[in-house]
> 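Pasting a structure below so you can have a look.
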Amino acid sequence: MSRGLFVVFEGIDGCGKSTQARRVARDRDARFVFEPGDTPVGIDLRRWILDAATPMTPATEALLLLADRAHHVHSVIEPALASGRSVVADRFYASTLAYQGYGRGVDLDELRAATDLAIGDCRPDLTVLIDLAPNLALEREARDESDRFEIADARFHDRVRQGYLELAGEDVDGWFVVDGAPSVREVAAVIDQRLAELPW
Ligand code: TYD
């Protein structure tokens, strides 16, 4: 049996990636997954990761996210792909490079090495970046301004956005960048055109 396809959606909070990822998973009969917090272990980790009332260093934050990811890959993503099922993810390793690396300032080489430990050979076939300016994303999200990332300032979200664009620029075959400003329907059409090139 051939291995399933692994497609990841990335972008800043409020860019519309969750809507698009869920839609694509449904249309393609793929397994929808998300990070952080998509396993029983991950639910507990997500609580700590997002809890703004518990101060932690950027390294601690990164390692909790990577622990969540390592467990997610091992217990959900890899078994699905190995069984021939495609997987569509709402966030994966690039979130950690963008948020903890570019956003928080954790050393990128060290993060990449730790990411290798967490995910092994489980690499996306394609990463779709929905690019949107933070002020537009902010308008879209019904924010309660309460979690660790929602309370970060605008410059943080700008660095995350630029980080994503840099990562996409380093690997043009592995990434597809789509402008998130148009309507959900228009963004969906652009994404679907690119996804139609993959061997589903
Ligand atoms: P997510 O669940 O996608 O956001 P939402 O609650 O809006 O659905 O992600 C929660 C937060 O975690 C988000 O602000 C981004 C952050 N995050 C990181 O900083 N690094 C990571 O590696 C991941 C997976 C998420």
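In listed order, ligands and their atoms are each counted from 1. Below, each value reflects all heavy atoms present in this structure, side chains not excepted, and no hydrogens, waters or symmetry copies.
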> Mark the output for Leu66 as yes if a heavy-atom distance to ligand 1 is under 4.0 Å, and as no if none is.
no
> Is it the case that ligand 1 has an N or O less than 3.5 angstrom from some N or O of Arg69?
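Such a contact does occur with ligand 1.
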> Please work out which of Arg46, Arg91, Arg104 has its closest non-hydrogen atom nearest to atom 2 (O) of ligand 1.
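When every heavy atom of Arg46, Arg91, Arg104 is considered, Arg46 comes closest to atom 2 (O) of ligand 1.
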> How long is the gap from CG on Asp179 to CG on Leu132, to the nearest 0.5 Å?
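One gets 7.5 Å once the value is rounded to the nearest 0.5 Å.
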> Answer yes or no: is there a side-chain heavy-atom contact under 4.5 Å between Arg28 and Leu5?
no
> Between Gln100 and ligand 1, is there a nitrogen or oxygen pair with a distance under 3.5 Å?
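Yes, since at least one N or O of Gln100 sits under 3.5 Å from an N or O of ligand 1.
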> Applying a 4.0 Å heavy-atom criterion (strictly less than), which segment of Ile49 is in contact with ligand 1: side chain, backbone, both, or neither?
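For Ile49, there is no contact with ligand 1 at all, from either part.
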> Compute the minimum heavy-atom distance from Pro36 to ligand 1 and say whether it is under 4.0 Å.
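Heavy atoms of Pro36 do come under 4.0 Å of ligand 1.
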> Which option wins on minimum heavy-atom distance to atom 14 (O) of ligand 1: Ile12, Asp147, Asp13, Thr96?
Asp13
> Within the 4.0 Å heavy-atom shell around Lys17, which atoms of ligand 1 are there?
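That gives atoms 3 (O) of ligand 1.
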> May I ask you to check whether Asp13 and Tyr99 show a side-chain donor-acceptor distance below 3.5 Å?
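Yes, side-chain donor-acceptor contact under 3.5 Å.
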> Tell me which protein heavy atom sits closest to atom 7 (O) of ligand 1, plus the residue, atom name and distance to 0.1 Å.
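Checked against all protein heavy atoms, atom 7 (O) of ligand 1 sits closest to Glu141 OE2, 3.6 Å.
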> For the residue pair Phe92 and Glu10, what are the closest heavy atoms and their distance?
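For Phe92 versus Glu10, the nearest heavy atoms are N-OE2, 2.8 Å.
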> Find out whether the Lys NZ or Arg CZ of Arg104 is both under 6.0 angstrom from the six-membered ring centre of Phe156 and within 45° of the ring's axis.
yes
> Would you please say whether a donor-acceptor pair under 3.5 Å links the side chains of Thr96 and Arg69?
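A donor-acceptor contact under 3.5 Å links the two side chains.
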> Would Arg159 and Tyr164 count as a cation-pi pair here, with the cationic atom under 6.0 angstrom from the ring centre and within 45° of the axis?
no
